[in-house]
Amino acid sequence: MKISEHLTLEELSFSEAAARLGLDNTPGPIVITNLGLVAAVMERVRTLLGGRPIVVHSGYRSAEVNRAVGGVVTSAHCFGLACDFVCPTFGTPAEVALAILKSDIEYDQLILEYGWVHVGLAQEGLLSRREALTKRSPGAAYVSGIRA
Ligand SMILES: [Zn+2]
């Protein structure tokens, strides 16, 4: 099911871990609404990156799936408010994150992770912090800014 011009609900709720471990990762109505907001932001990202295809690594993660992948309990992914992605035809994750940082795209958190970019949106009614962070490895602490 398409939820924006270029993204489907399936792409934003697919979980490799869920498939592998047999966990349920079916989004409920609120999550589906939130994923629609994420998809709209990702369309803006796609346009910013010259209309190049976005490859989604992870969108929605149920609490069960998030636990299995070691995600933080308050992760925006659990609310369907985040997307981890790459855009290899545009550049490295660092180049993608820097382009978003310099744009006027509204996000709550922009994180350059080890191998992908995380864009998270604020919960309904909360202001976007427009916080940019870098995490260089699974065990590393988050550092402020996008550090290529
Ligand atoms: Zn993420």
Side-chain angles (χ1 to χ4, degrees), residues 3-4 6-21 23-28 30-49 52-103 105-148:
I3 51 170
S4 70
H6 300 99
L7 288 162
T8 65
L9 182 61
E10 289 72 22
E11 268 177 289
L12 285 172
S13 52
F14 174 76
S15 163
E16 185 275 325
R20 180 164 40 88
L21 301 168
L23 301 173
D24 184 26
N25 202 53
T26 311
I30 294 168
V31 167
I32 292 173
T33 302
N34 288 344
L35 288 173
L37 301 175
V38 167
V41 170
M42 293 312 297
E43 291 292 343
R44 291 200 60 200
V45 170
R46 184 186 161 109
T47 302
L48 174 75
L49 302 178
R52 295 179 178 86
I54 300 285
V55 181
V56 177
H57 281 192
S58 181
Y60 172 59
R61 296 202 290 255
S62 68
E64 253 187 324
V65 170
N66 194 53
R67 214 175 297 123
V69 299
V72 279
V73 187
T74 54
S75 172
H77 288 283
C78 297
F79 304 97
L81 284 170
C83 181
D84 293 344
F85 67 97
V86 292
C87 184
T89 56
F90 177 83
T92 63
E95 288 165 335
V96 170
L98 284 170
I100 298 169
L101 183 71
K102 288 183 209 143
S103 76
I105 292 173
E106 197 177 321
Y107 55 80
D108 183 49
Q109 282 189 317
L110 171 67
I111 310 176
L112 172 58
E113 308 241 19
Y114 40 96
W116 67 90
V117 177
H118 167 107
V119 167
L121 307 188
Q123 300 250 31
E124 197 186 350
L126 293 183
L127 285 174
S128 296
R129 291 171 287 178
R130 217 165 196 276
E131 180 177 44
L133 300 167
T134 297
K135 186 177 167 86
R136 291 181 196 279
S137 68
Y142 290 95
V143 292
S144 182
I146 299 301
R147 316 281 186 98

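Counting convention: from 1, in listed order, for ligands and their atoms alike. The first residue of the sequence shown is numbered 1, and numbering continues consecutively from there. What's counted below: heavy atoms across the whole structure, side chains too, no hydrogens, waters or symmetry copies.
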*Taking everything shown except Leu126 itself, do over 12 heavy atoms lie less than 6.0 Å from its CG?*
yes
_Tell me which pairs pass side-chain hydrogen bond (donor to acceptor under 3.5 Å, both in side chains) where either residue lies in residues 109-128, with sequence neighbours left out._
His77-His118, Asp84-Trp116, Asp84-His118, Glu106-Ser128, Gln109-Glu131
*Could you pull out the atom name of the N/O/S atom in His118 that is nearest the Zn ion (ligand 1)?*
ND1
*Separation of Arg136 CZ from Leu112 CG (nearest 0.5 Å)*: 8.0 Å
_So that I can check it, does any N, O or S atom in His77 come closer than 2.8 Å to the Zn ion (ligand 1)?_
yes
*side chain to side chain donor-acceptor pair (under 3.5 Å) partners for His6, two or more places apart*: Glu43, Arg46
_N, O or S from Asp84 under 2.8 Å to the Zn ion (ligand 1)_ = yes
